[in-house]
Asker: 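To start, I am sharing the structure in question, which I have written as structure tokens.
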Amino acid sequence: MSTLLQQLNPAQRAAVEATDGPVMVIAGAGSGKTRVLMYRIAYLMEQGVDPFNILALTFTNKAAREMKARIAGMMGDSASKGLWMGTFHSVFARILRAEGGALGFPSNFTIYDTEDAQKVIANLVKEKDLDKEIYKPKTLQNRISAYKNALVTPSAYAQRADLIEADKAARLPLLGAIYTEYTERCFRAGAMDFDDLLLKTNELLARFPEILAKYQDRFRYLMVDEYQDTNHSQYIIVKALASRFENLCVVGDDAQSIYSFRGANIRNILSFRQDYPEAQIFKLEQNYRSTDHIVRAANSLIEKNKDRLEKVVWTANDPGEKITVFKAISDFEEGNYVAERISESHFQHQWDYSRFAILYRTNAQSRAFEDALRKRNIPYRIFGGLSFYMRKEVKDLLAYFRLAINPNDEEAFRRIINYPKREIGPTTLDRLNVFAQEKRLSLFEAAEEVVMYPSAGINGPTVQRLSNFCIMIRSFAAEIAKGQAYEAAQFMANASGLIRDLKSDGTPEGVSRLENTMELLNAIQDFYQRQSQVEGGDASLGAFLQDVALITDADKEDDEGTPKVSLMSIHQSKGLEFPCVFVVGLEETLFPNLMAINSREDLEEERRLFYVALTRAERKAYITYAHTRYRFGKLIDCEPSRFIEEIDEQHLDFKIPTVHPFTPPESLLPFSGQGWGKAPARFGNSTPTGRTFPGKDTGSSPRTRPAQPPAPARPAGMKPLESLGNGPTGVPIDTPEIGMRVVHPQFGRGQVVDLNGEGPNASATVLFDHTGEKKLLLRFAKLERETP
DNA sequence: ATTTTACAAATTTTT
DNA sequence: TTTGTAAAAT
């Protein structure tokens, strides 16, 4: 038998060996789903399948990258070349770059993020003079997104009386018109939004049979991870691609479907059998991840859901500890409790900080935990919230790149036409826009041509300013064409006046913004160097932009070695695991969220979300909730979540805060009465651990620097499982000297030949033994002294 | 055209 | 709590 197969249990092995025909793997939490996917690919290759013919669609790019690296490790680097792995969005964006011409899109099309899309819509609403309280850009964008994910194009919408009726009822009778106009604007701008990447792929495959045939023939073996979270649009793409060979393997867990708000359709997994009657179905039910208490607790919870596939998750692991349930008096105390527990385990059991995760329902909850951790100098990392590439200053610089590469990019144009100040205000922009719409031009084209049309009403000096701007952008394009992405980016950052503008701002925020801008430039240099290493890699600035548009927080690697506590929303924790997990904020209207308590379907999704959170834990789980909580600046009373009651209590261990002597303990026990019962007034100020309960903002000592800088400049990455003994061998270098022998993680060994700059811009020129001379920024390139 | 000031609104989850 | 928008002033 293949040595690969020996490393799997019987159920896993069966799923791996069923290479031909449709296969569905129902994989319980922690049952080795990723392992099956990985071994299946390796097994296919071992059976002689060309990796070129395999496509695996994963949930994050990071998952794809890691899996690919491990397969390369098993099968050899060159053997796994050509294997395609990535998210739906990144894989099909790539195909659209190559084939989008058939649909009339340029290969350098821009990807609009949600913010861009909403701004385009906001502009339309303004142009049409509609009430933006009723026609809220966010709402419109959501509805349009939903239509796109259901494959309802503007023309299809016009045929759908039911949808038109529904929008009328929602007081949005013009939604169809806005949708149509929005689609046209995007087309003219050479831009696609996230949903378009799937919708246009469908259009491409449906309208051009020869293109469909080409990719059907290429992707003879298709694998889809997290199938329960695919939406209709993705489902149809998969179906189309798989329809020739039907070697389709989908892996998922209906109990972990948590993305219905994004159009994910749990029926995709529930009805797979009907779509493919001859499909083989495998169930992975043994959990290798968590203790018995955790597995059973999670099971008892998820049993309350009606929409489920039959499946019994079990584990042979030891019982472990019960789940600790803690009720805090306030969100502030909740943060302190969690930080205390982490600190305790860290010092008593030598658990390094990367073994802990704090999971919450909404990103806004992170604050109390940040404060508590920072106060104790516990390093942490926040995922989500506003990511690096969403920051204003980063998007501003990116907009220059975008416009230089695709001058029709309307949002980029609007963003930077008057930033830094060029004396081109709203009046000019309005007139320019009117002119552009009349002539059916993009704003950039309009700005270039308006000089010939005095009737547009833009005065001479302003026309000159517009023209100067266009000339500058054209010169940027020429710079990019030289092919040196980093140099071009730096040139643009300077020539645009953006750096100067940031430098003139002396405020701490301004300094941080400048740092972030520099960080972006560094990222470009890194990208350039990395891509240059890969054979056939595209190191252009355009390629960088394509990557950046689809990057998420979860994709980023941690570039500092310090182990950190992870803070993230439960959604983001999907697919991850941690030895110790805190699920926090278990309160009615927060979790389950207010938005989700009205229908059974929504409530069940919230319950699945809680299930996902619990099953992230390997050894120990905590559940916490607060009595009072600050929400939008006001202190409000909370009620414990119904979900706590739903867990079989034999797996729970209730902890209660210090009890006032006059109060009978029972009255503090959760669920002893209704809601909070009569919680006693707390005279003392002590937490359960006996610490004094500091007032707001008093605890942070000015003498010690926080473990985390106040404004984390970039999202670092994480490696929950491999935090121990990482890093290459060698001695880190603070100050390299000319002539020193060094090692670089990517370029290998070399010798320092020159040094330049200081502070954050300090760089070294290194002559590498194999890859030649490179200039590296020191704070960025992890150079180490060569060890013989 | 830009800056200042005041006031309001907003918080679910994400590719 | 912060962030964004509208009106008013320069």
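Sequence lines set the chain letters: A, B, ... in the order given, protein chains first and strands last, and positions in each chain run from 1.
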Asker: Among all residues two or more places apart in sequence or in another chain, which pass the side-chain contact (heavy atoms from CB on, under 4.5 Å) test with A:K421?
Answerer: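 A:K421 satisfies side-chain contact (heavy atoms from CB on, under 4.5 Å) with A:N418 once adjacent residues are dropped.
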Asker: Taking the same atom, C1', in C:dG4 and in B:dT13, what whole-Å distance lies between them?
Answerer: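 Between the two C1' atoms, the distance is 23 Å.
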Asker: Report the residues that fulfil ring-ring contact (aromatic ring centres under 6.0 Å, His included) with A:Y419, sequence neighbours left out, ordered by chain and then residue number.
Answerer: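 For A:Y419 there are no ring-ring contact (aromatic ring centres under 6.0 Å, His included) partners, ignoring immediate neighbours.
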Asker: Tell me whether the OP1 or OP2 atom of B:dT14 has a side-chain N or O from A:S569 closer than 4.0 Å.
Answerer: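 The answer is yes; a side-chain N or O of A:S569 sits under 4.0 Å from OP1 or OP2.
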Asker: Which whole-number value in Å describes the distance from A:N598 CG to B:dT12 C1'?
Answerer: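 Between C1' of B:dT12 and CG of A:N598: 14 Å.
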Asker: Hey, is the side chain of A:N363 poking within less than 4.0 Å of OP1 or OP2 on B:dT13, counting only N and O atoms?
Answerer: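 A:N363 to B:dT13 OP1/OP2: side-chain N or O found under 4.0 Å.
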Asker: Name all residues meeting the side chain to side chain donor-acceptor pair (under 3.5 Å) criterion together with A:R97; count only those two or more places apart in sequence or in a different chain, and write none if there are none.
Answerer: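 With sequence neighbours excluded, A:R97 shows a side chain to side chain donor-acceptor pair (under 3.5 Å) to A:Q546, given in chain and number order.
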Asker: Spell out protein contact along nucleotides 1-8 of chain B as letters: B when the base is contacted, S when just the sugar-phosphate is, - when no protein heavy atom is under 4.0 Å; keep the 5' to 3' order.
Answerer: SSS-----
Asker: State which residues pass ring-ring contact (aromatic ring centres under 6.0 Å, His included) with A:F261; sequence neighbours excluded, sorted by chain then number.
Answerer: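 Only A:Y259, A:H571 meet the ring-ring contact (aromatic ring centres under 6.0 Å, His included) criterion with A:F261.
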Asker: Side chain of A:H89, heavy atoms from C-beta onward: which of B:dT15, B:dT12, B:dT11 has the nearest atom to it?
Answerer: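 Looking only at heavy atoms from C-beta outward on A:H89, the closest nucleotide is B:dT15.
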Asker: Please identify each residue that fulfils salt bridge (Lys or Arg N to Asp or Glu O under 4.0 Å) with A:R262, with sequence neighbours left out.
Answerer: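 A:R262 satisfies salt bridge (Lys or Arg N to Asp or Glu O under 4.0 Å) with no residue once adjacent residues are dropped.
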Asker: Not counting sequence neighbours, which residues clear side chain to side chain donor-acceptor pair (under 3.5 Å) with A:T427? List them please.
Answerer: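 So A:T427 forms no side chain to side chain donor-acceptor pair (under 3.5 Å) with any residue.
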Asker: For B:dT11 and A:K138 - does any side-chain N or O of the residue sit under 4.0 Å from the phosphate oxygens OP1/OP2?
Answerer: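 Yes, within the criterion.
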Asker: Dot-bracket for DNA chain C, please. Rules: Watson-Crick or G-U, both distances under 3.5 Å, ( ) within the strand, [ ] when a pair crosses earlier ones, | for another strand, . otherwise.
Answerer: .|||||||||
Asker: Nearest to the side chain of A:Y259, which nucleotide is it out of C:dG4, B:dT14, B:dT11?
Answerer: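 The answer is B:dT14, which lies nearest to the side chain.
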Asker: Considering only nitrogen or oxygen atoms on both sides, find all protein atoms under 3.5 Å from nucleotides 6-10 of chain C and state each distance.
Answerer:
from  : atom 1 : to     : atom 2 : distance (Å)
C:dA6 : OP1    : A:K132 : NZ     : 2.6

Asker: By ring-ring contact (aromatic ring centres under 6.0 Å, His included), which residues pair with A:Y182, not counting sequence neighbours?
Answerer: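 Listed in chain order: nothing, the list is empty.
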Asker: Which residues pass the side chain to side chain donor-acceptor pair (under 3.5 Å) test with A:S366, sequence neighbours left out?
Answerer: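 A:S366 satisfies side chain to side chain donor-acceptor pair (under 3.5 Å) with A:E370 only.
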Asker: Can you list everything that forms a side chain to side chain donor-acceptor pair (under 3.5 Å) with A:E605? Sequence neighbours excluded, please.
Answerer: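 In terms of side chain to side chain donor-acceptor pair (under 3.5 Å), with neighbours along the sequence ignored, A:E605 is linked to A:S260, A:R608.
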